[in-house]
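Beneath this line is the structure, given in structure tokens, with notes to follow.
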Amino acid sequence: RTGAILDPQMSEKLKKSTLTHIHSALRFARQGEITTARLHADIASHALHEAGHYMSDKEYAEFSLEVDEKLGEIRRQSK
């Protein structure tokens, strides 16, 4: 994560995308559609990674923690 370009608008868009895909993954996991849940969780992970290019280190660390907690929920529901 070196050389981040601080761009609050892009950061916000990618954060929203990350959360949208996490919520989709949770919904599909609850419905028993594990493959689709994993797909959305992967997309969320990629969006998080991309968002990191536009955030401060502190913002990225805080958001990553939030995302990790939600991904943990998905893992628990998809067992």
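Between the OG atom of Ser17 and the CD atom of Glu12 there is a distance of 12.0 Å, given to the nearest 0.5 Å. A distance of 10.5 Å separates CZ in Phe63 from CG in Asp68, rounded to the nearest 0.5 Å.
Salt-bridge check for Lys15 with Glu66: failed, with every basic side-chain N at 4.0 Å or more from each acidic carboxylate O.
A distance-only check finds a donor-acceptor pair linking the side chain of Thr18 to the backbone of Leu14 [under 3.5 Å].
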Which donor-acceptor pairs under 3.5 Å do the side chains of residues 19-37 make with protein atoms, sequence neighbours left out?
residue	atom	partner	partner atom	Å
Thr20	OG1	Lys16	O	2.8
His21	ND1	His40	ND1	3.0
Ser24	OG	Thr20	O	3.1

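The minimum heavy-atom distance between Ser56 and Leu6, with the atom names listed, is N-CD2, 3.4 Å. In this structure, Tyr54 and Ser11 approach most closely via the heavy-atom pair O-CB, 3.7 Å.
The salt bridge (Lys or Arg N to Asp or Glu O under 4.0 Å) check on Lys70 picks up nothing, with sequence neighbours excluded.
Residue Ile43 shares its hydrophobic cluster (ILVMFWY side chains chained together at separations under 4.5 Å) with Leu39.
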